[in-house]
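A quick write-up on the structure given underneath.
Order of the sequence lines fixes the chain letters, A, B, ..., with proteins taken first and strands second; residue numbering starts at 1 for each chain.
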Amino acid sequence: MWASVLRDTLSGKDFRPVQATGERYRQENRKGRFGLPESGLTPELMKDMYYVMALSRALDDRLWVLNRQGRGPTVYSSNGHEATQVGSAFALRRGEDWIVPYYRDMTLVLAWGMTPREVMLHFFAKAEDPNSGGRQMMAHWGSRRLHMLSTGAVVATQNAHAAGLALASKILKDGRVSACFFGDGSASQGEFHEALNFAAVNKLPVIFFNENNGYAISVPLNKQTVVQDISARAAAYGVPGIMVDGNDPVKVYEVTKAAADRARRGEGPTLIEAKTYRFVPHSSDDDDRVYRSREEVQEQKKHDPLITFAERLLKDKILTEAEKTEMAAKIKQVVDDATNYADKAAMPDPATIGQYVYGGALA
Amino acid sequence: MWASVLRDTLSGKDFRPVQATGERYRQENRKGRFGLPESGLTPELMKDMYYVMALSRALDDRLWVLNRQGRGPTVYSSNGHEATQVGSAFALRRGEDWIVPYYRDMTLVLAWGMTPREVMLHFFAKAEDPNSGGRQMMAHWGSRRLHMLSTGAVVATQNAHAAGLALASKILKDGRVSACFFGDGSASQGEFHEALNFAAVNKLPVIFFNENNGYAISVPLNKQTVVQDISARAAAYGVPGIMVDGNDPVKVYEVTKAAADRARRGEGPTLIEAKTYRFVPHSSDDDDRVYRSREEVQEQKKHDPLITFAERLLKDKILTEAEKTEMAAKIKQVVDDATNYADKAAMPDPATIGQYVYGGALA
Amino acid sequence: MAVKTFLEAIREGLRQEMARDARVIIYGEDVAVRGGVFRVTEGLLAEFGADRVIDSPLAEAAIVGTAVGAAVNGLRPVPEIQFADFIFPAFNQIVQEAARMRYRSNNDFEVPIVIRAPFGGGVRGGLYHSQSVEAFFAHVPGMSVVIPSTPYDAKGLLAAAIDQPDPVLFLEHKALYRSIRGEVPDERYLIQLGKAERKREGTDVTVICYGLMVGFALKAAETLANEGISLEVVDLRSIRPLDREAIVESVRKTGKVMVVHEDNKTGGFGAEISAVIAEEALFYLDAPIVRLTGLDVPAMGFSPPLEHAFMVTAEKITEAARELARF
Amino acid sequence: MAVKTFLEAIREGLRQEMARDARVIIYGEDVAVRGGVFRVTEGLLAEFGADRVIDSPLAEAAIVGTAVGAAVNGLRPVPEIQFADFIFPAFNQIVQEAARMRYRSNNDFEVPIVIRAPFGGGVRGGLYHSQSVEAFFAHVPGMSVVIPSTPYDAKGLLAAAIDQPDPVLFLEHKALYRSIRGEVPDERYLIQLGKAERKREGTDVTVICYGLMVGFALKAAETLANEGISLEVVDLRSIRPLDREAIVESVRKTGKVMVVHEDNKTGGFGAEISAVIAEEALFYLDAPIVRLTGLDVPAMGFSPPLEHAFMVTAEKITEAARELARF
Ligand SMILES: Cc1ncc(C[n+]2csc(CCOP(=O)(O)OP(=O)(O)O)c2C)c(N)n1
Ligand SMILES: Cc1ncc(C[n+]2csc(CCOP(=O)(O)OP(=O)(O)O)c2C)c(N)n1
Ligand SMILES: [Mg+2]
Ligand SMILES: [Mg+2]
């Protein structure tokens, strides 16, 4: 099923949510072959994962170029977070489960079914942007079709939303799991705690997924909090807190899968913390040289998940050099296509500004 | 020095803050005699503690009578929390350290130097009420003279205030410790976490004192949170979390003293959780029979700190029966005096309603 | 049809909506076992079970924030904020999240929630159990703010609020809960949001008001009728959406307007009403627009003299309206 | 005297206040090492040290809440909220705690804090980096809300705000930071809160405004002067306290008023200005009071056509003022 990502993202055509895919995962699983537990990850899926990571990085690179050329607005990157995001997305039921993304999550939303064209339409704030119709700044993702709840910019509000989605799932027994994504800085917000506590008490099927990259814009984690593991917060609420190497998409997949299974069994929420790093400034308006050394960034780049995962797939013969080259060419084509498509797309009609303040009788 | 509580509360006369009393404590300490660590607690102080507890209970009883007679407004009781509050107050430097009380804290504020007359003036909302000049509902304590920060009703806001008081102490090096008090329900508010985290990162001299009585009005702790020990939250922030029997004023004294010493040494905040129980409804407007059984309340009353502490003092020959009787008589006199005084005191002048919205140039 | 108190009408409305639509759930502090601190939700736990009537942890931001998510995923949550004074920790979730969701997602998502909150003073609540908070929320596009004044209106407006697929703040004046009674149909009925009702016809002075103030204005009208002064009382019922037509129509008739609310004056919702009139009906005015409101102090005091000095009363309305009529 | 940008004037003001009073401290997200996301606090960490310029955790309620405590215990905190759009998690601490502290304690405590926040749009900020939040806070007794429009005013008002022993919200329009320059005295000076300034004298139409809108109104006045229409531009500088006298005086002169702000119309601060005029200067009006404001949609869109459709511009002011002058 995940091979469809390849097609979807290439064609930009409409994505149809696929219901309950767990069975399929289980059938395709080849236990032990890659030293993995029975998680459902196949070589095919791992290749898809890599594809989405590479696509996301290339798309991100393009956004920066467009910004630096003065052709595009502010960029918010997932550059560095690709493994974390692809691993978690692949472990959930795309289009059926709910995700509530963070602005850092371009890879996540690509993995979840948003097409590069759609990302570019959002970036350029065009009328066709499926996230907000050009109303929101880049990286404020959302799509009912994909079961991806719209987010604003006030960090950590999404945590309560995810708990709420899960509350409905519990009451309606719809079998869905909800997952929200947030940064290490966001974990300082009271709402993170309120949401985690609320979910724990009500045993809600929700995953709180923390992408700990060690910085909140310029503020390093040791000024943000004393205990450097956000996952340590879980214990206070009787919730499992799991730490995972965010540069390893397979490990991230496994812990997310385990958390989703647990949620579906009615055992309640899980807090996952993926240790990761952002290789670029906070946004294209930021200058990270003020607050972190080039040496630190270089050191971190040694663990660039895009490179290490490719190496692993090549080594395990899941991917061949030829395929990789072919993929890169495809990706370039997809990114060009998305850029051109979105560039030419229409701007929102200013006459629509008053639309959708209210629905129902008040519309 | 604490013997002055007796005099102050009897006379209702102005209380003068006493600076740095640690030395005095140390001198008066008789290590080992009562099986205590070198905490500074003397028989004299323990007797004072008991006096304040008994005074508070008697005053509280009177408030309920006044309410039930239709002579007084809503009552918020510390009934059941006396040991917790007296133990913590005695461990701090009265009038020099800062306390930020909770509405549940009548015993605390009495121990901190507020006189029964002042409490009654507050209850009756008279002009002379030193807490708010009759502006706030009962149990919204505050006094600059006593270094007791005024509180509103929105729970858990006081935690950030205490951290802020301590931030100033750290910067100004004034040697003060700040302590805020809050309930188990309040710990569900995000601000509790934000304040704890802020204090931990900045190593602030502050004590977060949780009075865990197992209920937030009607909501039992197991609906409030999964882990029933609020002190367990401390670990996530690199802060000591200490649990103590809130029915034992001496133990509460000791842990609070240790936390204050730690704070003064510049080692940062401590979260203390005192397990306690409220013997009466949430307020005089509440009916607790709806949400807890009479058996449960009776069972808890077996550990009534007022009775158990008296027994202990009698057994240890710190208090004699004669003294206890004399105290009770004094207390009755004090409570009568306070009631009469406040009853006759003037109501606020409605013409003052516009005062004190602004100070300085805008007054 | 039965005679019910304001509180009973709301409870009956909740019960009826829950019975007809399984998506409606209730939660908040003390709403289940305790039936709410004012007993509004009493009996609902027994009738609808613990899945649909939930005692939540003490955390307003989480209450509203989870309601947003639950609404998106198919429910119709009706969360309660125990006192309006405690709504502010949830301010961000209401204003920035719930109210902006439809717009920011270009109509992809909607948030059908009704936040119920007891508000208002005159009940010895002091600074933190008496506040009027409507102006903050009426400023927010995407929100609706409903403030009923009678048992009949309360039930009909509540049904319409639950029907509305966007966030509604439903403010219940505490002083009305048990003090007024009125005929309330047994069957379900909806009162459209944004429709004011002329609660009394008059010719000399228009009093524009809502909530507790409506009864006070009617009392004042009664008193002044004996003096030959005729008050028209317009009950807005919801302040967002606002029934501009009803306001302008009445102003055209009487030429004299008094806006009455309990909330602080400066920046209170009365200012918006004045501004609408100054925009749309200026030349019909025969006198300055009078705002009779709570004073510009942080909130009403607890002590009776302070509370009384703050509160708008029937007497104060009578006096101010008499003066305005004579202008 | 030197020519400075708006941003430099604020930075200079902060520097000067910190140098003269060791109790003044600065904190917030990214304010120290990074010098703020807009670079307003750049250099202050180096000059005043890490004790007085603090990078705080990402938690607005804690930022303001701790500032309240720190102020009570002897400091003069000047916390920064990174964008005004993110002030709402701290709403309760500002409105219910900081602003009510003096009153609720019967003058026992005061909370001298100045909350600085960049606000406003026209900078491609979209829904969550463009908001105008002044109306929420101007409704709150105990608060002051200051909104400068020039480098000179910014520095003088900032000093007065820090001098004021009660909470002040100091709103800095982002579009002004680097776009305008002006003479700023080197020495310290205070501009009293609550004093409007007539930024241009005129006779036909009064434009009442603040912040970014002042420059736009002056531009409109320039344009219309060529057409023989004379605009008077009143810059409120602070909206709470509000200079009622200055408003009434100008209305008496011109008889035509236009209130301009970027914030949403309904319940925006313009309503209060209208209401004050309708109360105190009604019979001097020769035309309905015009409110030219942001639209009643949740916030301005990110896409340029949507942003432009929302924003009030010099052109829109010119047009509306022309029409009003002809009324
Ligand atoms: C409540 C709130 N305050 C401030 C901001 C401004 N801001 C945007 S991103 C950010 C840092 C977030 O850090 P983190 O959560 O670690 O995410 P990261 O960017 O590192 O992925 C801040 C302070 C915001 N969006 N929301
Ligand atoms: C933010 C907020 N929400 C609701 C209330 C109403 N309320 C007053 S006390 C209380 C329960 C508090 O429980 P807890 O903190 O355990 O204190 P206890 O009364 O048990 O000592 C509630 C919900 C409030 N004061 N503040
Ligand atoms: Mg981060
Ligand atoms: Mg409790």
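- A 6.0 Å sphere centred on CZ of A/R289 holds no more than 12 heavy atoms belonging to other residues, nucleotides or ligands.
- Listed by sequence position, A/A236, A/Y237, A/G238 are the residues of residues 236-247 of chain A in contact with chain B, using a 4.5 angstrom heavy-atom cutoff.
- Heavy atoms from other residues, nucleotides or ligands lying under 6.0 Å from CZ of A/R265 number more than 12.
- The contact list for residues 178-203 of chain B toward chain A, using heavy atoms and a distance under 4.5 Å, reads B/S188, B/Q189, B/G190, B/H193, B/E194, B/N197, B/A200, B/V201 by residue number.
- Residues of residues 153-172 of chain A lying under 4.5 angstrom from chain B, judged on non-hydrogen atoms, do not exist.
- Within residues 212-228 of chain B, the residues that have a heavy atom under 4.5 Å from a heavy atom of chain A are B/N222, B/K223, B/Q224, B/T225, B/V226, B/V227, listed by number.
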